[in-house]
Amino acid sequence: QVQLEESGGGLVQAGGSLRLSCAASGRTFNRYRLGWFRQIPGKEREFVAQISWSGGITSYADSVEGRFTISRDNAKNTVYLQMNSLKPEDSAVYYCAATYLNSLRVGVDSWGQGTQVTVSS
């Protein structure tokens, strides 16, 4: 199983940008589909974005399409989430996730501990 650790969260003004990083440990990192979820208190964790093991296939939630970009560097065992044009409604705890399945929307094998993103208006 892969272990995940997020970093890069923080406070930013609306319209600003942040880049989240997720460092993974485990010899089979490049075989996992990776991605990001987010959660605010009192709501279910929601899918944000995912990327295939090769990096060639990505998908996004409608709410972030065109503003967020997911990428991965298998040589560094790291996946990134570049977040631009941030809105207050993007404020949440962001979780890195990994799965051997075809999609993170189907199931998650490993979760990170989460990193807080706060967007002020």
Side-chain angles (χ1 to χ4, degrees):
Q1 195 173 25
V2 66
Q3 288 76 49
L4 306 170
E5 184 172 359
E6 304 94 336
S7 62
L11 174 64
V12 64
Q13 289 188 330
S17 298
L18 278 176
R19 188 176 81 156
L20 305 182
S21 299
C22 174
S25 59
R27 291 177 293 178
T28 58
F29 168 82
N30 62 350
R31 301 300 301 274
Y32 281 88
R33 183 175 295 267
L34 300 170
W36 296 88
F37 286 72
R38 65 187 182 187
Q39 187 173 26
I40 61 175
K43 289 200 171 183
E44 290 188 359
R45 197 168 295 188
E46 67 171 0
F47 170 81
V48 174
Q50 64 182 334
I51 188 166
S52 63
W53 70 269
S54 69
I57 300 174
T58 59
S59 64
Y60 299 90
D62 289 344
S63 59
V64 307
E65 180 83 52
R67 299 187 298 122
F68 290 12
T69 302
I70 188 170
S71 61
R72 66 190 290 169
D73 185 337
N74 287 344
K76 296 182 179 180
N77 283 8
T78 303
V79 62
Y80 305 97
L81 185 67
Q82 178 67 43
M83 305 185 294
N84 298 329
S85 302
L86 283 161
K87 306 175 182 179
E89 51 264 42
D90 293 318
S91 297
V93 177
Y94 282 71
Y95 295 90
C96 185
T99 186
Y100 265 131
L101 301 175
N102 287 333
S103 173
L104 284 168
R105 300 178 196 253
V106 174
V108 175
D109 295 306
S110 297
W111 291 100
Q113 83 288 350
T115 185
Q116 177 70 47
V117 172
T118 303
V119 184
S120 63
S121 57

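For the pair L34 and R72, the minimum side-chain heavy-atom distance is below 4.5 Å. Within the 4.5 Å cutoff, no side-chain heavy atoms of V117 are placed close to those of R38. Taking the side chain as every heavy atom from C-beta outward, W111 and C96 never approach each other to under 4.5 Å. In this structure, V79 and I51 have side chains that are in contact, with non-hydrogen atoms separated by less than 4.5 Å.
Distance check: T58 OG1 to F68 CZ gives 14.0 Å after rounding to the nearest 0.5 Å. Within the model, atoms CD of Q116 and CD1 of I40 stand 10.5 Å from one another, a figure rounded to the nearest 0.5 Å. Atoms CZ and CG, on R33 and N102 in that order, are 6.5 Å from each other to the nearest 0.5 Å. The line from CD of Q50 to CD1 of I57 is 9.5 Å long, rounded to the nearest 0.5 Å. Here the CG-OH distance, from L81 to Y60, works out to 7.5 Å after rounding to the nearest 0.5 Å. Rounding to the nearest 0.5 Å gives a distance of 12.0 Å between CG of L104 and CH2 of W36.
Checking T115, T78, N77, L4 one by one against C22, the side chain to side chain contact (heavy atoms under 4.5 Å, CB included) holds for a single residue, L4.
A distance-only check finds a donor-acceptor pair linking the side chain of E6 to the backbone of Q113 [under 3.5 Å].
Closest approach of S17 to S85, counting heavy atoms only: OG-N, 4.4 Å. Considering all non-hydrogen atoms of both residues, S59 and R105 come closest at OG-NH2, 4.4 Å. Shortest non-hydrogen contact noted between A14 and P88 is CB-CD, 4.1 Å.
Side-chain contact check for Q82 and S71: no donor-acceptor pair (N or O, by modelled atom type) lies under 3.5 Å.
At a threshold of 4.5 Å between side-chain heavy atoms, the hydrophobic network of Ile, Leu, Val, Met, Phe, Trp and Tyr places W53 and L101 in two separate groups. V93 and Y80 are assigned to two separate hydrophobic clusters, defined by single-linkage of ILVMFWY side chains at heavy-atom distances under 4.5 Å. Put simply, Y95 and L20 are part of two different groups of oily side chains (I, L, V, M, F, W, Y) that touch within less than 4.5 Å, one to the next.
Between F37 and F47, the two ring planes are perpendicular [angle over 60°; tilted spans 30° to 60°].
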